[in-house]
**Q** 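This is the structure I want to talk about, given as structure tokens.
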Amino acid sequence: RRPKWTKDMAPEELDMLERESFLTWRRRIAELEESTTDKRVSPFEKNLAYWRQLWRVVERSDVVVQVVDARNPLLFRSLDMEAFVKETG
């Protein structure tokens, strides 16, 4: 998740908060990957620039569409993304 921020924050402060949050998340993902062989994270998910873009797009969007594979929609549906969009409002 993106850390809480305000428009009054300096860009450097927001950058630091995002990096700290992302590193904490990456550590938890690395621990999960080490503890099991059936869970892997794609290279996109390990990229902070990707997440920053996603966070900003969701924050600025009026509508967010999630496209899933019709052959198995529940496998590709991201409940976490839906929760994030709802939290962001």
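Below, all heavy atoms of this structure are taken into account, side chains as well, without hydrogens, waters or symmetry copies.
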**Q** Quickly, which of V65, V58, V57 forms a side-chain contact (heavy atoms from CB on, under 4.5 Å) with S61? Name it, please.
**A** V57
**Q** Please determine whether residues V68 and L75 belong to a single hydrophobic cluster, defined as Ile, Leu, Val, Met, Phe, Trp and Tyr linked transitively by side-chain heavy-atom distances below 4.5 Å.
**A**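 Per the 4.5 Å side-chain linkage, V68 and L75 are co-clustered.
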**Q** For E82, check side-chain hydrogen bond (donor to acceptor under 3.5 Å, both in side chains) against everything at least two apart and list the hits.
**A** Q66, R77
**Q** What side-chain hydrogen bond (donor to acceptor under 3.5 Å, both in side chains) pairs are there with at least one residue in residues 26-35, not counting sequence neighbours?
**A**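 Qualifying pairs, neighbours excluded: none.
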**Q** Looking at T88 and F84, would you say the former's side chain and the latter's main chain have a donor-acceptor pair under 3.5 Å?
**A** yes
**Q** Is the shortest heavy-atom distance from the side chain of W51 to the side chain of E18 under 4.5 Å?
**A** no
**Q** Taking all heavy atoms of L17 and all of M9, pick out the closest pair and write down the distance.
**A**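 The answer is CD1-CE, 3.1 Å.
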**Q** Sequence neighbours left out, what passes side chain to side chain contact (heavy atoms under 4.5 Å, CB included) with D8? Give chain and number order.
**A** T6
**Q** Any chain of hydrophobic side-chain contacts (each under 4.5 Å) joining Y50 to F76?
**A** no
**Q** If hydrophobic clusters are built from ILVMFWY residues whose side chains come within less than 4.5 Å, do L14 and L23 share one?
**A**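 Unlinked, L14 and L23 end up in two clusters.
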**Q** Output the distance between atom CH2 (W25) and atom CG (L48), rounded to the nearest 0.5 Å.
**A**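 CG of L48 is found 10.0 Å from CH2 of W25.
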**Q** Drop me the distance from N47's CG to L54's CG, to the nearest 0.5 angstrom.
**A** 11.5 Å
**Q** Quick check on the hydrophobic clustering: are M16 and W55 connected, directly or via other members, by side-chain heavy-atom contacts under 4.5 Å?
**A**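 No, M16 does not connect to W55 through the hydrophobic network.
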**Q** Would you check, one step at a time, whether the test side chain to side chain contact (heavy atoms under 4.5 Å, CB included) holds for D15 with R52?
**A** CA-CA 10 Å; D15 180 63; R52 283 181 171 160; 2.4 Å; yes
